[in-house]
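First the structure, in the form of structure tokens, and then the observations on it.
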Amino acid sequence: MPDIKISPSILSADFGHLADEITAIDKAGADYIHIDVMDGHFVPNISFGAPVYKCVRQASDKIFDVHLMISPTDAYLKDFADAGADIITVHAEAGPHLHRSLQTIKALGKKAGVAINLTTPNDVLNCVMDMVDLVLVMTINPGFGGQKFEPASLEKIADVRRRIEASGRDIDLEVDGGITPVTAKQVIEAGANVLVAGTAVFKDGPEKYAENIQAIRGA
Ligand code: DX5
Ligand code: ZN
């Protein structure tokens with residue numbers, strides 16, 4: 001099994017001090033910085049776009065792990081790349097052509113991820129396993145932080161892990177939603193190696209971030 005990486009979701013950060021929050025989670029041991037972009041259309045919430053994280057890109061040298069919950073994506077992929085994303089993940093349903101979106105991300109020189117929802121059949125991965133660098137399995141319905149982990153996702157995670165092993169490629173298996181030290185143990189056992197966590201990292205303020213990250217990593 002690959003090393004476990006923690007990708008704190010800045011959706012739970014204090015947006016009034018975003019640069020300082022990113023520096024704080026970097027220093028607290030984050031591996032990736034998870035950036036949730038929402039459009040109020042693909043998901044029922046609006047967060048922020050490329051100009052916002054471009055302004056805070058210099059706050060950390062860590063991997064910017066950009067999770068696009070927008071539809072469609074293709075017209076904006078260059079903006080997200082130029083703003084400083086290292087990994088760009090699109091939802092399988094964001095449309096109209098997943099394969100083309102992933103090709104575009106690769107052509108921009110970035111790592112490409114595909115996100116699957118609880119009800120997305122894993123077979124959507126069939127024709128893209130040779131081009132993805134990350135598969136994101138949602139463990140909640142996307143749109144909001146602080147939701148309860150959905151245990152039905154564990155079987156999906158295990159199935160995606162089998163597909164990654166079969167591909168023989170170095171692909172991150174990321175999970176997102178309701179991750180706590182308790183659910184972290186379950187998703188790691190199911191095969192996840194990148195854990196997104198918002199609420200569980202940012203709770204109790206900056207002096208607790210290192211402890212919170214360690215509690216998840218040590219699960
Ligand atoms: C929700 C986002 C998540 C969210 C996770 O759609 O994709 O990244 O911030 O938040 P928690 O860890 O609080 O469930
Ligand atoms: Zn996310």
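If you read the sequence from its start, that first residue is 1, and numbering goes on from there. Both counts, for ligands and for their atoms, begin at 1 and track the order of listing. FYI, side chains are in, hydrogens and waters are out, and symmetry mates aren't considered; it's all heavy atoms of this structure. Being a predicted model, the structure only gives us computed values, none of them experimental.
- Residues V90 and S101 come closest through the heavy atom pair CG2-CB, 4.3 Å.
- Considering every non-hydrogen atom in both P181 and A219, the closest pair reads O-CB, 3.4 Å.
- Pairs of residues two or more places apart, or lying in two chains, that qualify as side-chain hydrogen bond (donor to acceptor under 3.5 Å, both in side chains) and include a residue from residues 131-145 are K106-D133.
- Looking at G178, A115, A200 and measuring to atom 14 (O) of ligand 1, the nearest heavy atom belongs to G178.
- Contacts between T199 and ligand 1, counted as non-hydrogen atom pairs separated by less than 4.0 Å, involve both the backbone and the side chain.
- Close contacts of ligand 1 with P142, meaning ligand atoms under 4.0 Å from a residue heavy atom, involve 6 (O).
- Of the candidates V201, D176, T183, it is D176 that places a heavy atom closest to atom 3 (C) of ligand 1.
- For D26 against S60, the heavy-atom pair with the smallest separation is OD2-OG, 2.7 Å.
- For the pair D36 and ligand 1, the shortest N or O to N or O distance falls below 3.5 Å.
- Taking a cut-off of 2.8 Å, the protein N, O or S atoms nearer than that to the Zn ion (ligand 2) are H34 NE2, D36 OD1, H67 ND1, D176 OD2.
- Looking only at side-chain heavy atoms (C-beta outward), L102 and H97 stay at 4.5 Å or farther from each other.
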Sequence neighbours excluded and cut-off under 3.5 Å, please list the side-chain donor-acceptor pairs for residues 9-22, or say none.
residue	atom	partner	partner atom	Å
S9	OG	L11	N	3.2
S9	OG	D36	OD2	2.6
S12	OG	T199	N	3.3
D14	OD1	G16	N	2.9
D14	OD2	H17	ND1	2.9
E21	OE1	Y209	OH	2.8
E21	OE2	D14	N	2.7
E21	OE2	Y209	OH	3.3

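- Nearest residue to atom 10 (O) of ligand 1 from A197, G143, G145 is G145 (criterion: closest heavy atom).
- For ligand 1, the polar-atom distance check against G177 finds no nitrogen or oxygen pair separated by under 3.5 Å.
- Residue contacts with ligand 1: S12 is placed with no nitrogen or oxygen under 3.5 Å of a nitrogen or oxygen of the ligand (distance criterion only).
- Residues satisfying the salt bridge (charged side-chain N to carboxylate O under 4.0 Å, His left out) test with E189, not counting sequence neighbours, are K185.
- Contacts with ligand 1 closer than 4.0 Å are made by side-chain heavy atoms of S9 only, the backbone lying farther away.
- Between D31 and K5, the shortest heavy-atom distance links the atoms OD2-CA, 3.2 Å.
- Within the listing of ligand 1, atoms 7 (O) sit less than 4.0 angstrom from a heavy atom of H67.
- A donor-acceptor contact under 3.5 angstrom links the side chains of N193 and D172, judged on distance only.
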